[in-house]
Amino acid sequence: MSFQQFSLHPHVLAGIKSVGYTQPTPIQQQAIPVVMEGRDGLGLAQTGTGKTAAFALPILHRLSSGPSKRGVRALVIAPTRELAEQIHQAFVELGKHLRIKSVAIYGGVGKGPQLAGLRRGAQVVVACPGRLLDHVDQNDFNLAGVEVLVLDEADRMCDMGFMPDIRRIIKILPSKRQTLCFAATMPEDIRRFTA
């Protein structure tokens, strides 16, 4: 089995090759077709199994195919700044042959560089909930064009008490969007949230 079977954009395939991926992992085999079809999805897999590429690759394909649109089109919510930065770097590396910009937004650092990244036209925003809501409250950017929402490590976000923030973010987003949820376990809060 190879990544060719997914009919990904040639520049996405070039990104896969440049990072050295040769075969899709089980979570990628199961998730990529669902995400590419535009369906909502729930992926359960342990850390280190390739979950980030399972959603990043089809998102990059989607953003590089069809008409170019301005503004934030994909929003990935992560529980920690380390994970947000890691996901952002995956988008940068996998999308290095594309003209898709990504920015990571999280607390503990100044807002200036994050705002600069947004103003340069980021289509992908990878954010921690609190700092994202800070930017939204300040009208720093608009989420009206979001086509795909990803909740990564949703179980950890539940454990860390982020569900009220997540619900608030979801109310801001367009109701017509693709929603993807990735986690290592399935706590009751997530089960209710995805139902």
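The shortest distance between side-chain heavy atoms of Val125 and Leu118 falls below 4.5 Å. With contacts defined as side-chain heavy-atom distances shorter than 4.5 Å, the pair Val76/Phe55 qualifies. Taking the side chain as every heavy atom from C-beta outward, Ile166 and Leu151 approach each other to under 4.5 Å. Residues Leu173 and Leu75 are in side-chain contact: their nearest non-hydrogen atoms beyond the backbone lie under 4.5 Å apart. Looking only at side-chain heavy atoms (C-beta outward), Phe6 and Met36 come within less than 4.5 Å of each other.
In terms of modelled atom types and a separation under 3.5 Å, the side chain of Gln28 and the main chain of Ala53 share no donor-acceptor contact. One N or O on the side chain of Gln114 and one on the backbone of Tyr106 form a donor-acceptor pair closer than 3.5 Å. A distance-only check finds a donor-acceptor pair linking the side chain of Gln178 to the backbone of Arg39 [under 3.5 Å]. In this structure a side-chain-to-backbone donor-acceptor pair under 3.5 Å is missing from Ser65 to Arg62. Asp40 places a side-chain N or O within 3.5 Å of a backbone atom of Thr179 that can act as its donor or acceptor partner. Proximity of a side-chain donor or acceptor of Lys51 to a complementary backbone N or O of Ala45 within less than 3.5 Å is detected.
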Side-chain polar contacts of residues 87-100 - donor-acceptor pairs under 3.5 angstrom, sequence neighbours left out - could you list them?
| unit_1 | atom_1 | unit_2 | atom_2 | d |
| --- | --- | --- | --- | --- |
| His88 | ND1 | Ser102 | OG | 2.9 |
| Gln89 | NE2 | Glu85 | OE2 | 3.2 |

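Summarising the geometry, atom SG belonging to Cys181 is positioned 9.0 Å from atom CG belonging to Asp152; distances are rounded to the nearest 0.5 Å. For the atom pair CG of Leu57 and CG of Leu8, the computed distance is 6.0 Å after rounding to the nearest 0.5 Å. Expressed to the nearest 0.5 Å, how far SG of Cys128 lies from CG of Leu133 amounts to 11.5 Å. Note: Ile59 CD1 to Gln123 CD = 12.5 Å, rounded to the nearest 0.5 Å.
Taking 4.0 Å as the cut-off between side-chain N and carboxylate O, Arg168 and Asp137 count as a salt-bridged pair.
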Decide yes or no on side-chain contact (heavy atoms from CB on, under 4.5 Å) for His9 and Leu60, but give the supporting numbers first. CA-CA 8 Å; His9 189 283; Leu60 289 167; over 6 Å; no
Could you go through the salt bridge (charged side-chain N to carboxylate O under 4.0 Å, His left out) check for Arg177 and Glu147 one step at a time? CA-CA 5 Å; Arg177 68 170 186 279; Glu147 301 167 25; over 6 Å; no
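The environment of Gln46 atom CD is sparse: at most 12 non-hydrogen atoms of other residues, nucleotides or ligands sit within 6.0 angstrom.
Linking Ile, Leu, Val, Met, Phe, Trp and Tyr residues whenever their side-chain heavy atoms come within less than 4.5 Å leaves Phe3 and Val34 in two separate clusters.
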